[in-house]
Amino acid sequence: MIKKILISNRGEIAVRIMRTCREMDIKSVAVFSDADRSSLHVRYAGEAFHIGASPSSESYLAMDKIINAAKKSGADAVHPGYGFLSESAEFAKKVRQAGLIFIGPSSHAISTMGDKIIARQTAIKSGVPVVPGTTSPVISENDVIKVASEIGYPIIIKASAGGGGKGMRLVKNIEELAESLRMAKSEAMAAFGDDSVYVEKYIESPHHIEFQLLADQHGNIIHLCERECSIQRRHQKVVEESPSPIISSKMRDEMGKAAVALAKSVDYEGAGTVEFLVDNKGNYFFLEMNTRLQVEHPITERVIGLDLVKEQIKIASGQKLAHKQEDIRQSGHAIECRVYAEDTENNFMPDAGKIKHITEPLGFGVRTDGYVYEGYEIPIYYDPMISKLIVWGRTRIDAINRMKRALYEYKITGVKTTIPFLERIMNEPDFVKGNYDTHFIQDNIDSLLPKSTDDNQLRQDIATITAFYHYYKRLERIKKISIVEKSHDYWRNYGRRKNSVRI
Ligand code: MV4
């Protein structure tokens, strides 16, 4: 029995995990850095341990400090959340060596999937389709030229230690090849200390579609259907939805079975996600496997009706999955918007600072997973994501309309946020039609960012209003009457004052 869990994370995901702990009558332990003393995850937890300075390397990545805190607190288990140490095979191993339960898969599964070349080989062995390309690290320029002549240009060079787009290079023709290979290798070396790269055929306008898995310690694995994650900017997801507008039930079945087969081959345990690229002909290819709970897990929770953190904890305590594949069905439609403290008009620069005011959306079919409150100062040290807004609707269009309503209700002042940008995505005709791929934001950037002509219009309107204001003020002086009310909302008070006149 797990009675106490240390959450080795911060922000919204730490709070989200603790909420489930509370529902399961499990005590939660927070860890925090200098910058997070007044963070909500510290306030929400049963107890909290200060583990170091603000930089992650001193705190949320400091394995020994976290494990010491876990031992001191008497926790039975550690939940790593996402990011930070969640996909560190070494951390999983150290936690277990300390006699604690690591809520996640074996370090073997983590390291197998963390090495993208080994992951690709594992997918091939399990009969899961992969993009045509190399199955071992490429050594020389000639290796690359040889595979490129077999599979045809364009090709993509990827770092084996990478993932999420780091150390990737698109090669359109043989002339670009040598330089791109050098760049990919040096980028990989700088980012991961490992310059192994591999080659794939480049898929032109793919969809990014991922399958959620649950696997218990008794060899049972089920999939919880897909999430459509194609709406992203610079490899950062912005909007996710489930079901995907492009997946038929036949494809869902097939891809789900492929994902389960891959997980079986590494004796997977816990929650995991298998990512696929889907091309415009409906072919799907294994991309990566994420061995953690993901940011976008709530849309799956909403359409499937399961609390994924609760499932993770039950699995980690040795319980069997309570659901069979036949019991799993998507019900309705869920969309998630990620709200970032970023200035969309200034190249999405993070905008740290104090939250002056926040009103979160409420009402039927709306969920927010966040951690900021009025007066809270967003630290500069970590990810600028403030919250996730998740809505459900019976149909996709109901869900879109509900998301627009919820974004309208969402008010945050003090920092700039991506809320207006998300509203424009919800109003973009190709999004509404479900007609989009991974290039959506890039392809529609002009209508998604406020146009300078809008700004000019705004300036003109302000000038016109100002001119009228001064005109009426002069009339008031001359005629000794009141026209311009003090109230901002003049129309509400119209007719209440004896000496006001209609304008
Ligand atoms: C690709 C690809 C096209 N062809 N691989 C980007 C992140 C990393 N996980 C893999 N990525 C891609 N791999 C082949 N063979 C296009 C992308 C890609 C992408 C993938 C998913 C979501 C958004 C993306 C944006 C640009 C490129």
Side-chain angles (χ1 to χ4, degrees), residues 82-83 87 113-121 123-124 128-135 138 144 147-148 150-173 176-177 180-181 183-184 187-188 191-192 196-211 226-242 244-247 255 259 262 272-292 294-296 336 338 348 425 431 436-445 448:
Y82 56 71
E87 291 181 287
M113 294 306 165
D115 183 312
K116 306 305 162 193
I117 294 175
I118 298 177
R120 231 169 108 74
Q121 292 166 350
I124 295 167
V128 179
V130 299
V131 189
T134 55
T135 49
V138 291
V144 184
V147 276
E150 283 161 21
I151 62 179
Y153 291 92
I155 58 163
I156 187 165
I157 302 174
K158 296 183 177 183
S160 188
K166 272 188 228 126
M168 256 176 36
R169 272 284 182 286
L170 171 63
V171 185
K172 295 206 183 79
N173 50 55
E176 292 178 4
L177 196 148
S180 294
L181 179 61
M183 295 280 283
E187 228 175 270
F192 317 111
S196 320
V197 296
Y198 62 107
V199 173
E200 284 179 2
K201 171 115 186 114
Y202 180 69
I203 311 290
E204 294 283 352
S205 294
H207 280 250
H208 171 133
I209 288 167
E210 57 188 31
F211 277 72
E226 82 284 5
R227 295 185 286 260
E228 167 68 70
C229 302
S230 298
I231 302 209
Q232 53 77 47
R233 183 186 162 274
R234 300 204 178 158
H235 306 301
Q236 175 101 274
K237 290 167 191 158
V238 178
V239 176
E240 305 97 350
E241 60 178 313
S242 182
S244 163
I246 66 148
I247 296 293
M255 293 171 76
L262 178 67
T273 300
V274 178
E275 298 182 348
F276 295 96
L277 286 181
V278 180
D279 71 13
N280 50 21
K281 294 186 196 77
N283 300 308
Y284 60 91
F285 309 99
F286 167 74
L287 194 57
E288 286 171 21
M289 180 167 186
N290 302 312
T291 55
R292 59 166 195 277
Q294 288 192 268
V295 177
E296 60 272 26
E336 173 180 276
R338 298 189 187 188
F348 294 79
I425 292 176
F431 177 78
Y436 64 82
D437 59 42
T438 47
H439 300 304
F440 172 80
I441 288 182
Q442 208 184 316
D443 288 349
N444 294 283
I445 197 68
L448 294 177

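Indexing begins at 1, ligand by ligand and atom by atom, following the structure's order. Note that the structure is a prediction, hence the values are computed from the model and not measured.
- Annotation: atom 13 (N) of ligand 1 to nearest protein heavy atom, K158 NZ, 3.0 Å.
- The protein non-hydrogen atom at the shortest distance from atom 2 (C) of ligand 1 is L277 CD1, 3.7 Å.
- Taking the six-membered ring where tryptophan is involved, the planes of Y436 and F431 are essentially parallel, since the angle between them stays under 30° and well short of 60°.
- Atom numbering of ligand 1 starts at 1 in the shown order; those under 4.0 Å from a heavy atom of K201 are 4 (N), 14 (C), 15 (N).
- Using a 4.5 Å heavy-atom cutoff, the side chains of D279 and E204 are not in contact.
- No side-chain heavy atom of E187 sits less than 4.5 Å from a side-chain heavy atom of V197.
- In summary, the atoms of ligand 1 found under 4.0 Å from a heavy atom of E200, numbered by their order in the structure, are 5 (N), 14 (C), 15 (N).
- When hydrogens are left out, the protein atom nearest atom 4 (N) of ligand 1 is I203 N, 2.8 Å; that is the closest non-hydrogen contact.
- Remark: distances from the non-hydrogen atoms of H439 to ligand 1 are all 4.0 Å or more.
- Scanning the protein heavy atoms around atom 25 (C) of ligand 1, the nearest turns out to be Q232 NE2, 3.3 Å.
- Here the side chains of I155 and V147 are not in contact, with every heavy-atom distance at 4.5 Å or above.
- In the vicinity of V131, heavy-atom distances shorter than 4.0 Å reach the ligand 1 atoms 15 (N).
- Interface of E288 with ligand 1, defined as ligand atoms under 4.0 Å from a residue heavy atom, comprises 8 (C), 9 (N).
- Counting only heavy atoms from C-beta outward, the side chains of H235 and M168 approach each other to under 4.5 Å.
- Checked for salt-bridge contact, E336 and R227 miss the test: no charged N lies under 4.0 Å from a carboxylate O.
- Using a non-hydrogen distance threshold of 4.0 Å, M168 registers as a contact of ligand 1.
- Judged by the 6.0 Å distance and 45° axis criteria, R233 is positioned over the aromatic ring of F348.
- For ligand 1, the atoms lying closer than 4.0 Å to a non-hydrogen atom of H235 are 6 (C), 7 (C), 25 (C), 26 (C), 27 (C).
- Side-chain contact between Q294 and K237 is present, with heavy atoms from C-beta onward closer than 4.5 Å.
- Atom numbering of ligand 1 starts at 1 in the shown order; those under 4.0 Å from a heavy atom of H208 are 21 (C), 22 (C).
- Close contacts of ligand 1 with I156, meaning ligand atoms under 4.0 Å from a residue heavy atom, involve 1 (C), 5 (N), 14 (C), 15 (N).
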